[in-house]
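What follows is one structure encoded as structure tokens, with my remarks underneath.
Below, read A as the first sequence line, B as the second, and so on, with proteins coming before strands; counting in each chain starts at 1.
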Amino acid sequence: MTDVMLTVYHLYPDLLNLYGDRGNIIAFRRRCEWRGIAVQVREINLGERIDFTDADFLFLGGGSDREQDLMAEDLSSRRANLRDAFEDGMVTLAICGGYQLLGRYYRSLSGRVIPGLDLLDFYTQAGTTRLIGNVAVGISVPGRIVHVSGFENHSGQTFLGEIKPFGRVLSGHGNNGADGTEGARYKNVFCSYMHGPLLPKNPALTDYFIRLALERRGRDGFLAPLDDGFEDAANQVMLSRLKIL
Amino acid sequence: MPFRLCAAVWAGKTVAALSRMLGHRGSSLPGHVALRIYPGTLRALARRAKKGVILVTGTNGKTTTNNMIAQMLSDAGHSVIINREGANMLPGIATAFVRSAGVNPAYSFDYAVLEVDEASFPRVVEQVNPDVVVVTNFFRDQLDRYGELDQTISFIRDALRKLPKTRLVLNGDDPLVAQLGRIGPETTYFGLAPHGRVLDTSGASREARFCPLCGTDLHYSFYHYSQLGLYECTGCGFERPEPAVQGWEAVSSVDETTCRVVLDGRDFRLNLPTQGFYNLYNALAALCAGSGLRLEPETMLKSLYHYKPEIGRLQHFRHRGRPLYLNLVKNPAGFNESLAILLAARGSKDLYIAINDNAADGRDISWLWDVDVELLAEPDLEINRFLCSGERAAEMAVRLKYAGVSARKIGVEPRVQDAVGEMVRGGGDAAYLLATYTALWPTEKALSTMSDGK
Ligand SMILES: [Zn+2]
């Protein structure tokens, strides 16, 4: 597969280089490289001229309010291009603030409605308590359900409309602490409240994303198996603690 | 002394004695009990400081700076009370006073020198009226998320505004700290002049990007690390203030760190018996606070020269002539500083990293991915073995693997005792042991029993 080159777009790393989210970029890149798949990571900054449809994997993290506003402003000027890439099957991982931004709106505690990019059918409502802690989620990948562990910390509660969740909560709060859903999925766009190193710790998920990206380029999605001893152990430590399995 | 205060102090003292008998390390329970019996305990006891109350807050270096100031004052002949490491919230601070309070109401002391948790700072200063407040730095901590650091700083700012007589001692190199300088009636700054060590700024934290006052881009002519350096705002003109106590020509070697410093208009050399530039900041903060209290430069420098790092602050052990260093890691800035020390050291090394995720460590260990672990993948670094320990050992192994460290060199041994044993028997010229807060004590205990001592 030497002639394949996957392109990763890391959005606004100098604005959102927080809370371990870059672990997701590192994991995607490494697991490609270990199999001889070339990867180029492009760091995209505010206002930079790009075409989302060139990207194979897009990562969108979260930040503080001010950073979130800057990100929202920049992305709303690129909305049509982003929608085209979503429809075209670009693999995307959006976390926390990045997740909320893709929805219809965010309603603050005072009732003020902040419009989202309105690309996916869900909305977020500010909650009075933060939903914090370790979380385990069952996520279906072709042929099976993988048990994924992560950490969530959000005050917004997200409610899905005509859209599938990313997974089912096995332990923790998920989207809103009430309906058992975690994150959202539309085509190859995956949204989650599990921040930090989601992909490094959950290799089955990472490989699924790589496979989707390869297949979108008309490539064979077969991936040579890797030794995931450390990854599985790290995941297992948390799943055991949360009494999953 | 009023009856309720008396009862509170006695109950606190009894609890302290009991927990000592049960072998518990200094806890905050005595203060907690005393405050329950009489909420005014802390306020009443803090008034007994004859010469002053000094509070030290900030993210990193609180304990070291606080101990340095207390040591200087006590070497200068003053009586001092101090809170135990980590007991830096309201009950812990009350504990410090309860432990040292006598039954005789006339009992008093010269100074109270207290490290205060940043988030507890506003509540503490409602009870304790400080004469001096020292702020070391503000870094994103593992407990901090989305803007909580900004919020903590704004609470501290609001609290300082209510203390019109308090003198401030601030880190001028940290824009997040220096912005507080506009509040106090009298502010002195400490800082480090540019020196040979220039760090790559590509990993510079987001705190270094924008002016804390107006949000415009900050321009740096020199970086120490994180957001510390010589900065200037292109928008509002906010810039690094001229430090009253400044370290010049800083040099760090394996067992000491030195710089030149001007005190009382005279030139001195500051020698610290530890590695690491961040310790210079702590010493400069202590010198700046001490100068304000009219301590003799010679006394202060002598005190610093004999300063013994507390547990887990680059604590030095030896086994069969081989050095082992133990250092606390609790956030990316501090972890990166530990790595800088390791990178600068010659010879082959074994590296131990113990990660726990108890409340005191931070439940969320995502911050490990913000550490520049990639530096450890350099092939000529001569690290023989990477041993991960603690409850989240496996996750640290994942971090190392994805940083590019060869999986063959990485080991996972969650049991601290066994992992330390392997380090003590290790083959490298030196061993470096890094541990998060709750992994630090068992690591230090195992090291003390297994090595030949300090
Ligand atoms: Zn400014």
*Where is the tightest heavy-atom contact between A:A234 and B:V398, given as atom of each residue plus distance?*
CB-CG2, 3.9 Å

_Please give me the minimum heavy-atom distance between B:Y402 and A:R31, naming the atom from each residue._
OH-NH1, 2.9 Å

*asked:* Do B:K401 and A:E231 make a side-chain contact, defined as non-hydrogen atoms from C-beta onward lying under 4.5 Å apart?
replied: yes

*Neighbour count above 12 (heavy atom, 6.0 Å) for A:E33 CD*: yes

*Euclidean distance, B:D364 CG relative to A:E152 CD, rounded to 0.5 Å*: 11.0 Å

*What pair of heavy atoms forms the shortest contact from A:R22 to B:W369, and how long is it?*
NE-O, 2.8 Å

*List the steps, then state whether side-chain contact (heavy atoms from CB on, under 4.5 Å) holds for A:F230 with B:E395.*
CA-CA 7 Å; A:F230 292 143; B:E395 197 143 329; over 6 Å; no

_For the student: nearest non-hydrogen atoms of A:P197 and B:S366, plus distance_ = CD-OG, 3.7 Å

*If every non-hydrogen atom of B:R399 is compared with every non-hydrogen atom of A:I26, which pair is closest and at what distance?*
NH1-CD1, 4.3 Å

_Proximity breakdown for B:E374 and chain A, heavy-atom pairs closer than 4.5 Å_ = side chain

*Any Lys/Arg nitrogen of A:R241 or B:D357 sitting under 4.0 Å from an Asp/Glu carboxylate oxygen of the other?*
yes

*Can you say whether A:N235 sits under 4.5 Å from chain B via the side chain, the backbone, both, or neither, judging by heavy atoms?*
neither

*Atom CZ of A:R211: over 12 foreign heavy atoms under 6.0 Å*: yes

*Could you tell me the separation between the CZ atom of B:R363 and the CG atom of A:N153, rounded to the nearest 0.5 Å?*
13.0 Å

_A:V237 to B:R392 - nearest heavy-atom pair and separation_ = CG1-CD, 4.4 Å

_Under 4.5 Å from a heavy atom of chain A, the part of B:A403 involved_ = backbone

*Checking heavy atoms, do the side chain of B:I410, its backbone, both or neither come under 4.5 Å from chain A?*
both

